[in-house]
Colleague: 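Here you go, one structure.
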Amino acid sequence: MLYNTATVVTLVIGVVVLHVALFCLLLFTACLTLPSELLSSVLGHGVNFSDYLTLTWLLASIATIGGALGSGLEDDAAVKEAAYGVRQRQRIEETRSRSNEAR
């Protein structure tokens with residue numbers, strides 16, 4: 001129970017921090033590379049900072065969801081290798097071997 005709770009909390013913190021970092025990076029990039037004239041011709045109205053925020057939010061959300069879906073394609077061994085340290089994997093293997101010997 002403790003491992004599961006710690007894993008969920010760690011994942012939530014990691015996703016939020018990385019999503020905010022991605023949002024900030026994309027916002028900086030959008031403001032730097034997208035001229036307001038181009039954006040205004042595409043949107044059909046005058047551009048203000050909230051349009052850049054909306055565009056950045058959309059891009060960061062799509063990238064985060066795409067990353068989550070892509071990570072779902074990983075096999076079980078790769079996930080365990082990323083989630084557990086070497087010592088924890090050794091403990092899991094020792095527990096499995098002991099339970100197999102007990103049978």
Side-chain angles (χ1 to χ4, degrees):
M1 178 75 170
L2 183 61
Y3 280 133
N4 291 340
T5 304
T7 301
V8 168
V9 169
T10 303
L11 284 174
V12 168
I13 290 171
V15 168
V16 168
V17 167
L18 291 175
H19 186 76
V20 169
L22 179 64
F23 181 86
C24 293
L25 182 64
L26 287 173
L27 181 62
F28 174 74
T29 304
C31 290
L32 188 66
T33 60
L34 284 176
S36 59
E37 297 83 22
L38 174 67
L39 201 52
S40 119
S41 69
V42 170
L43 295 176
H45 60 78
V47 174
N48 54 23
F49 191 66
S50 68
D51 293 319
Y52 283 101
L53 289 174
T54 303
L55 177 65
T56 303
W57 170 78
L58 177 66
L59 291 173
S61 298
I62 289 172
T64 302
I65 292 169
L69 291 174
S71 69
L73 300 175
E74 292 291 331
D75 63 341
D76 194 40
V79 171
K80 284 183 182 177
E81 187 174 321
Y84 299 113
V86 173
R87 184 66 186 127
Q88 182 63 29
R89 286 194 303 270
Q90 288 173 347
R91 285 186 201 122
I92 291 171
E93 291 301 320
E94 288 172 8
T95 304
R96 281 189 189 148
S97 66
R98 275 189 242 137
S99 69
N100 287 340
E101 290 172 2
R103 290 181 193 182

Colleague: Could you list the donor-acceptor pairs under 3.5 angstrom formed by side chains in residues 60-67, with sequence neighbours left out?
Modeller:
from  : atom 1 : to    : atom 2 : distance (Å)
Ser61 : OG     : Trp57 : O      : 2.8
Thr64 : OG1    : His19 : ND1    : 2.7
Thr64 : OG1    : Ala60 : O      : 2.8

Colleague: Measuring from Thr56:OG1 to Leu59:CG, what's the distance to the nearest 0.5 Å?
Modeller: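 Going from the OG1 atom of Thr56 to the CG atom of Leu59 covers 6.5 Å.
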Colleague: Please report, to 0.1 Å, the donor-acceptor pairs under 3.5 Å made by any side chain of residues 25-44, with sequence neighbours excluded.
Modeller:
from  : atom 1 : to    : atom 2 : distance (Å)
Thr29 : OG1    : Leu25 : O      : 2.8
Thr33 : OG1    : Thr29 : O      : 2.7
Ser41 : OG     : Leu38 : O      : 2.8

Colleague: Linking Ile, Leu, Val, Met, Phe, Trp and Tyr through side-chain heavy atoms less than 4.5 Å apart, which residues share a cluster with Met1?
Modeller: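 Reading the cluster by chain and number, Met1 sits alone, since nothing else belongs.
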Colleague: Is there a side-chain contact between Asp51 and Asn48 (heavy atoms, below 4.5 Å)?
Modeller: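 In contact.
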Colleague: Would you give the length of the straight line joining atom CG of Leu53 to atom CG of Leu58, rounded to the nearest 0.5 angstrom?
Modeller: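 If we round to the nearest 0.5 Å, Leu53:CG and Leu58:CG are 12.5 Å apart.
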Colleague: Excluding sequence neighbours, so at least two apart, what forms side chain to side chain donor-acceptor pair (under 3.5 Å) with Thr95?
Modeller: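 Scan of Thr95 (side chain to side chain donor-acceptor pair (under 3.5 Å), adjacent residues dropped) gives none.
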Colleague: I'd like to check the side chain to side chain contact (heavy atoms under 4.5 Å, CB included) partners of Val12; sequence neighbours left out, ordered by chain and number.
Modeller: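 Per chain and number, Val12 pairs via side chain to side chain contact (heavy atoms under 4.5 Å, CB included) with Val8, Val16.
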Colleague: Are Phe49 and Val47 connected in the hydrophobic side-chain network, where two residues link if heavy atoms are under 4.5 Å apart?
Modeller: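 Phe49 and Val47: one cluster.
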Colleague: Can we say Glu93 and Arg96 salt-bridge, meaning some charged N sits less than 4.0 Å from an Asp/Glu carboxylate O?
Modeller: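 So Glu93 pairs with Arg96 through a salt bridge.
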Colleague: Identify, with sequence neighbours excluded, every residue that meets side chain to side chain donor-acceptor pair (under 3.5 Å) alongside Asn4.
Modeller: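 In terms of side chain to side chain donor-acceptor pair (under 3.5 Å), with neighbours along the sequence ignored, Asn4 is linked to no residue.
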